[in-house]
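Chain letters run A, B, ... following the sequence lines, proteins first, then strands; residues in each count from 1.
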Protein chains: 2
Amino acid sequence: MADMFEPKLDANGLLTAVVTHAQTGAPLMVAHMNAQAIAKTRETGRAHFWSRSRQSLWLKGETSGHFLNVTEILVDCDQDCLWLKALPEGPACHTGAASCFYRRLTPEGLEPA
Amino acid sequence: MADMFEPKLDANGLLTAVVTHAQTGAPLMVAHMNAQAIAKTRETGRAHFWSRSRQSLWLKGETSGHFLNVTEILVDCDQDCLWLKALPEGPACHTGAASCFYRRLTPEGLEPA
């Protein structure tokens, strides 16, 4: 019998979702999901998030075509975070970078990762 | 010249920190950092977080000995999330699991990852 999935949403009804590349393990992006985004991601296999700036459901790639095709969803110990492994169709970052994490923090500041 | 590091903290003075294994890329944990946790992590090379439940600075491994030795810190596009690559001294999860993400979400519920 499987454990129950009972996601622990915060006061805004959200949890954190981390996305890594399903084949390389590379960091891609971090965003937020509400219950609807979780349900749509599970149903469709494409990552959906909740846009806090637009306050609306956000199918990643809806306008850019850069969908994230989810191959696996991991759940953390206290069920307040999901980890998506995904195959990206194009850059994951809105800047056009493959990953949102394209800079490294050094003692001097930021440099290209 | 390096870009400026200007972390964007939320209303509670926090940002999300994701940790993966520096060698394998495996998911380890997700937690939160405030400005002090960020500074201590950079100074010491050991991951520090802000414990929201205890409302205090938290040196990961302080009581368990399971420190996270940080090899690299990546910063995302809008500087509201840090990605730590780390070599863990022992399990990263308080449950004793190597990773907090030890379960996979299936259509039926949760199963061991």
Starting from the C-alpha separation in whole Å, work towards a yes-or-no answer on side-chain contact (heavy atoms from CB on, under 4.5 Å) for A:Val30 and B:Trp83.
-> CA-CA 10 Å; A:Val30 174; B:Trp83 194 292; 4.1 Å; yes
Evaluate the side-chain contact (heavy atoms from CB on, under 4.5 Å) criterion for residues B:Met29 and A:Asp76: first the C-alpha distance (whole Å), next the side-chain angles of each, then the deciding distance (0.1 Å), finally the verdict.
-> CA-CA 8 Å; B:Met29 61 179 289; A:Asp76 79 336; over 6 Å; no
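- One distance of note links OG1 of A:Thr41 with CG of B:Leu105; it measures 10.0 Å at 0.5 Å rounding.
- In this structure, no portion of B:Pro112 lies under 4.5 Å from any heavy atom of chain A.
- Residues of residues 8-27 of chain B lying within less than 4.5 angstrom of chain A, judged on heavy atoms, are B:Thr16, B:Val18, B:Val19, B:Thr20, B:Gly25, B:Pro27 in numerical order.
- In this structure, chain A has a heavy atom under 4.5 Å from the side chain of B:Arg42, while its backbone stays farther away.
- The candidate with the highest count of non-hydrogen atom pairs below 4.5 Å against chain B, out of A:Leu82, A:Asp80, A:Thr95, A:Ile73, is A:Ile73.
- B:Lys85 contributes atom NZ, which lies 10.5 Å from atom CZ of A:Phe101 (distance to the nearest 0.5 angstrom).
- Of the two parts of B:Cys93, only the side chain, counted from C-beta on, holds a non-hydrogen atom closer than 4.5 Å to a non-hydrogen atom of chain A.
- A continuous path of hydrophobic side-chain contacts links B:Trp58 to B:Val70 [ILVMFWY only; heavy atoms under 4.5 Å].
- Linking Ile, Leu, Val, Met, Phe, Trp and Tyr whenever their side-chain heavy atoms come within less than 4.5 Å puts A:Leu68 and A:Leu84 in one cluster.
- When B:Ala113, B:Pro107, B:Cys100, B:Ser99 are compared by the number of non-hydrogen pairs under 4.5 Å with chain A, B:Cys100 comes out ahead.
- In the hydrophobic cluster analysis, where Ile, Leu, Val, Met, Phe, Trp and Tyr join through side-chain heavy atoms closer than 4.5 angstrom, B:Trp50 is grouped apart from B:Phe67.
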Which is it for B:Leu110 and A:Gln79 under the side-chain contact (heavy atoms from CB on, under 4.5 Å) test, yes or no, and what are the steps along the way?
-> CA-CA 11 Å; B:Leu110 300 176; A:Gln79 301 208 37; 3.5 Å; yes
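- Pairing each heavy atom of A:His94 with each of B:Cys77, the nearest pair is CE1-SG, 3.7 Å.
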Please test B:Arg104 against A:Val75 for side-chain contact (heavy atoms from CB on, under 4.5 Å), starting from the C-alpha separation and ending with a verdict.
-> CA-CA 6 Å; B:Arg104 173 188 297 119; A:Val75 183; over 6 Å; no
